[in-house]
Amino acid sequence: MSQGPLLELSDVHVRIAGSHILQGVSCAVPGRGITALLGRNGVGKTTTLRAIMGLNPSSGSITFAGQQIRGVATHRIVRRGVGYVPEDRDVFAGLTVGENLRLAVRDADPDYELVYQLFPELRERDKQLAGTLSGGQQQMVALARALLNRNRLLLIDEPTKGLSPRLVDEVADALERVADAVPMLLVEQNLPVVRKLATDVVVMASGRVVHTGSADSLQDPELTRRLLGVALAGGPA
């Protein structure tokens, strides 16, 4: 018997300041691998993640591990094992790297070993103020805060945005290793990274889901161009 999806959205709507942002989003995230949430800028990808986390009020159904979480308080969703890494990193600039990490600890036995294996630089910068880090280093802190706890699902929004090619590769390699243990819903504009990491894709346009399927579907250049407005060779989605 096949296992049902870990996360499922059905007819989810979000209205913000009079604008109808999500217009009946329905999709599913399996309990393994990386599902990439794709689409051009402004189609509702970040709003979808925020709706899952209870940060944007929504209507419809959002179930996690078979239980309804729409309308559940954000901190309770986190306690159920959903980790969230927002687009703008949101590190505490006036606190040290170590303090940023300690504030994120939820479990009795945080997995510092995994964090320092993936991002050894963070151990070296434990006493450094997070606000003095580079953008790439701040992204490492943002990811590390989610990885300290043993989550059942990770929602990660644009982790390679604004990073140098070297750091893009480093972050992508870290996500690939983590995905062996924890499934992810990943918003990512870098199409080569998506092709490297994703097992499944969900494509949005104008607040709706217009395509779901295996990541192999992105090997079709005409489909990729039609859905994302980019050629198969890569570039921002």
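Residue numbers run from 1 in the order of the sequence given.
- Scanning for ring-ring contact (aromatic ring centres under 6.0 Å, His included) contacts around F92 gives an empty result, with sequence neighbours left out.
- No donor-acceptor distance shorter than 3.5 angstrom exists from the side chain of D157 to the backbone of T46, with no hydrogens or angles considered.
- A salt bridge does not link R226 to D220: none of the charged nitrogens lies less than 4.0 Å from a carboxylate oxygen.
- No more than 12 heavy atoms of other residues, nucleotides or ligands shown are found within 6.0 angstrom of CD on E113.
- Under a hydrophobic-cluster definition in which Ile, Leu, Val, Met, Phe, Trp and Tyr are linked whenever side-chain heavy atoms come within less than 4.5 Å, directly or via other members, F119 and L101 are assigned to the same cluster.
- With 3.5 Å as the limit, one finds a donor-acceptor pair spanning the side chains of T160 and E188.
- Listed by first then second residue, pairs satisfying salt bridge (charged side-chain N to carboxylate O under 4.0 Å, His left out) with a partner in residues 76-100 read E87-K161, not counting sequence neighbours.
- At distances below 3.5 Å, at least one donor-acceptor pair connects side-chain atoms of D111 with backbone N or O atoms of L114.
- Contact annotation: the side chain of R145 approaches that of N100 to within less than 4.5 Å [non-hydrogen atoms, C-beta and beyond].
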Working note: D11 + S26, criterion side-chain hydrogen bond (donor to acceptor under 3.5 Å, both in side chains); need CA distance, chi angles, decisive distance, verdict. CA-CA 5 Å; D11 195 29; S26 297; 5.5 Å; no

Given R195 and N190, is the side-chain hydrogen bond (donor to acceptor under 3.5 Å, both in side chains) satisfied, shown in steps? CA-CA 9 Å; R195 291 202 303 268; N190 187 314; over 6 Å; no

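- Linking ILVMFWY residues whenever their side-chain heavy atoms come closer than 4.5 Å, directly or via other members, places Y84 and L6 in the same cluster.
- Side-chain atoms of K45 do not come within 3.5 Å of backbone N or O of V203 as any donor-acceptor pair.
- In this structure, T48 and L37 have side chains that are in contact, with non-hydrogen atoms separated by less than 4.5 Å.
- Under a hydrophobic-cluster definition in which Ile, Leu, Val, Met, Phe, Trp and Tyr are linked whenever side-chain heavy atoms come within less than 4.5 Å, directly or via other members, L154 and V72 are assigned to different clusters.
- N41 and Q189 share a side-chain donor-acceptor pair at under 3.5 Å.
- Looking at every heavy atom in both residues, R208 comes nearest to V25 through CA-CG2, 4.5 Å.
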Would D109 and R150 count as a salt bridge (charged side-chain N to carboxylate O under 4.0 Å, His left out) here? Give the steps. CA-CA 9 Å; D109 56 341; R150 287 168 172 79; 3.6 Å; yes

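- Looking at Q138, its side chain does come within 3.5 Å of a backbone N or O of A130 through a donor-acceptor pair.
- Cluster annotation: L49 and V194 are assigned to distinct hydrophobic clusters (Ile/Leu/Val/Met/Phe/Trp/Tyr, side-chain heavy-atom contacts under 4.5 Å, transitive).
- Connection of I34 to L218 is not established within any shared hydrophobic cluster, with ILVMFWY side chains joined at heavy-atom distances below 4.5 Å, either directly or through further cluster members.
- The two residues A144 and L122 make their nearest non-hydrogen contact at CB-CD1, 3.7 Å.
- Side chain of N151 to main chain of A146: a donor-acceptor pair is present (N/O by atom type, distance under 3.5 Å, no hydrogens or angles).
- Take S134 and apply the side-chain hydrogen bond (donor to acceptor under 3.5 Å, both in side chains) test, not counting sequence neighbours, and it matches Q137.
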Using atom types as modelled, flag every donor-acceptor pair under 3.5 Å from a side chain in residues 51-60 to any protein atom, sequence neighbours excluded.
from, atom 1, to, atom 2, distance (Å)
N56, OD1, R50, NE, 3.3

Decide yes or no on side-chain hydrogen bond (donor to acceptor under 3.5 Å, both in side chains) for Q23 and S206, but give the supporting numbers first. CA-CA 8 Å; Q23 304 179 25; S206 302; over 6 Å; no

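- The side chain to side chain contact (heavy atoms under 4.5 Å, CB included) test with V12 is passed by exactly one of L22, V209, T47: L22.
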Table please: side-chain donor-acceptor pairs of residues 168-184 below 3.5 Å, with sequence neighbours left out.
from, atom 1, to, atom 2, distance (Å)
E170, OE1, R166, NH1, 3.4
E176, OE1, K196, NZ, 3.3

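- Checked by atom type, the side-chain pair T96/Q128 shows no donor-acceptor distance below 3.5 Å.
- A donor-acceptor pair under 3.5 Å is absent between the side-chain atoms of S19 and the main chain of I21, judged by distance alone.
- What you find for P30 and D200 is that their closest heavy atoms are CG-OD2, 3.7 Å.
- Under the side-chain hydrogen bond (donor to acceptor under 3.5 Å, both in side chains) criterion, H20 pairs with H13, not counting sequence neighbours.
- Remark: the backbone N or O of V29 is not paired with any side-chain donor or acceptor of E8 at under 3.5 angstrom.
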